[in-house]
Amino acid sequence: MRRLALLLVLAALAPGCGGAGAPSDDPGAFASRVVGLIVHNKYSAVWDDLHPIDQDVAPFAEYVGCETRNPVIAVPRTVKVLSVNDESVGIGNGKFLDSKAVDVRLGFAGGFKVTHTVHVVADHGNWKWIIPSWRYRDYKANRCPTDAGSSPPPTQS
């Protein structure tokens with residue numbers, strides 16, 4: 001009986017001890033903030049919110065240096081969250097995590113719009129964003145994702 005009680009207490013405490021417990025803040029607002037920082041080339045400000053697995057493969061100086069080589073030059077006029085859905089997502093190391101897939105619409109001059117999905121995952125009670133797996137592979141191979149010879153982004157059908 002004591003073991004059962006101990007197991008129940010440990011199970012109840014686990015989410016609060018750095019597990020993947022759901023953060024209380026809005027994943028759409030978090031993803032919108034991340035996109036806003038990236039489109040304004042504020043890579044050093046967004047790195048802290050990058051998932052730890054991605055931080056390990058793309059350390060701060062490397063990430064900021066690589067991303068700065070190919071800055072965003074067409075800044076959107078609007079950033080709007082269209083939807084937030086539960087989705088399993090593969091991260092670059094082959095592991096799958098539960099995520100919130102946040103569809104964000106970027107509106108540019110001339111009425112041009114692009115919808116991009118940002119995956120955010122719970123980590124120690126906070127939202128973290130992840131880099132696409134093809135960019136992860138380049139960082140893992142010690143290549144900047146925007147350099148010649150790096151993996152091309154997947155084509156959309």
Side-chain angles (χ1 to χ4, degrees), residues 18-157:
S24 60
D25 53 332
D26 177 30
F30 173 79
S32 181
R33 185 179 67 76
V34 166
V35 168
L37 290 169
I38 290 172
V39 300
H40 286 92
N41 302 305
K42 297 186 179 193
Y43 305 111
S44 60
V46 77
W47 187 85
D48 282 337
D49 290 324
L50 185 60
H51 193 277
I53 289 173
D54 290 341
Q55 287 179 336
D56 287 345
V57 78
F60 180 82
E62 183 179 353
Y63 173 77
V64 172
C66 285
E67 299 302 324
T68 302
R69 288 185 192 183
N70 191 16
V72 175
I73 55 173
V75 177
R77 291 183 173 182
T78 60
V79 176
K80 179 181 179 185
V81 173
L82 299 178
S83 63
V84 178
N85 299 294
D86 293 329
E87 189 174 291
S88 179
V89 65
I91 55 178
N93 68 358
K95 189 177 187 179
F96 279 79
L97 299 174
D98 291 333
S99 81
K100 297 291 184 182
V102 183
D103 291 325
V104 179
R105 176 170 289 154
L106 307 173
F108 296 89
F112 180 70
K113 295 178 180 161
V114 173
T115 300
H116 178 71
T117 301
V118 179
H119 287 94
V120 301
V121 297
D123 181 68
H124 295 90
N126 297 303
W127 292 117
K128 297 292 183 174
W129 65 282
I130 60 170
I131 56 176
S133 58
W134 61 273
R135 291 179 81 85
Y136 179 97
R137 288 190 296 273
D138 282 331
Y139 279 114
K140 183 79 172 167
N142 292 317
R143 286 190 307 257
C144 287
T146 57
D147 287 354
S150 63
S151 306
T155 56
Q156 299 209 0
S157 54

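Only a predicted model underlies this, so the values are computations on that prediction, with no experimental measurement involved.
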Looking at every non-hydrogen atom in both residues, tell me the closest pair between [X] and [Y] and how far apart they are.
{"X": "Gly107", "Y": "Lys113", "answer": "CA-CG, 4.2 Å"}
{"X": "Asn70", "Y": "Tyr43", "answer": "O-OH, 4.1 Å"}
{"X": "Pro23", "Y": "Gly125", "answer": "CB-O, 3.4 Å"}
{"X": "Ser32", "Y": "Val81", "answer": "CB-CG2, 4.0 Å"}

Which atom pairs, one a donor and one an acceptor, fall under 3.5 Å between side chains of residues 55-65 and the rest of the protein, sequence neighbours left out?
{"unit_1": "Gln55", "atom_1": "NE2", "unit_2": "Trp47", "atom_2": "O", "d": "2.8"}
{"unit_1": "Gln55", "atom_1": "NE2", "unit_2": "Leu50", "atom_2": "O", "d": "3.4"}

**OP:** State the CD1-CZ distance between Ile130 and Arg135, to the nearest 0.5 angstrom.
**Re:** 13.0 Å

Would you say that [X] contacts [Y] through its side chain, given a criterion of any heavy-atom pair below 4.5 Å between the two side chains?
{"X": "Phe30", "Y": "Lys100", "result": "no"}
{"X": "Leu82", "Y": "Thr115", "result": "yes"}
{"X": "Thr117", "Y": "Val102", "result": "no"}
{"X": "Val72", "Y": "His40", "result": "no"}
{"X": "Val35", "Y": "Val118", "result": "yes"}

Original post:
Between Tyr136 and Asp138, is any side-chain donor less than 3.5 angstrom from a side-chain acceptor?
Top reply: no

Subject >> Distance-only side-chain donor-acceptor flag, Ser83 / Asp103, under 3.5 Å >> reply: yes

Original post:
Is a side-chain donor or acceptor of Trp129 paired with a backbone partner of Ala31 at a separation under 3.5 angstrom?
Top reply: no

Subject >> Whether Asp123 side chain and Lys128 backbone form a donor-acceptor pair below 3.5 Å >> reply: no

**OP:** Please test Val114 against Arg105 for side chain to side chain contact (heavy atoms under 4.5 Å, CB included), starting from the C-alpha separation and ending with a verdict.
**Re:** CA-CA 6 Å; Val114 173; Arg105 176 170 289 154; over 6 Å; no

Identify all side-chain donor-acceptor contacts of residues 87-95 below 3.5 Å with residues at least two apart in sequence or on another chain.
{"unit_1": "Glu87", "atom_1": "OE2", "unit_2": "His119", "atom_2": "NE2", "d": "2.6"}
{"unit_1": "Asn93", "atom_1": "OD1", "unit_2": "Lys95", "atom_2": "N", "d": "3.0"}

Original post:
What residue pairs, at least two apart or across chains, pass salt bridge (charged side-chain N to carboxylate O under 4.0 Å, His left out) with a residue in residues 38-55?
Top reply: Arg33-Asp49

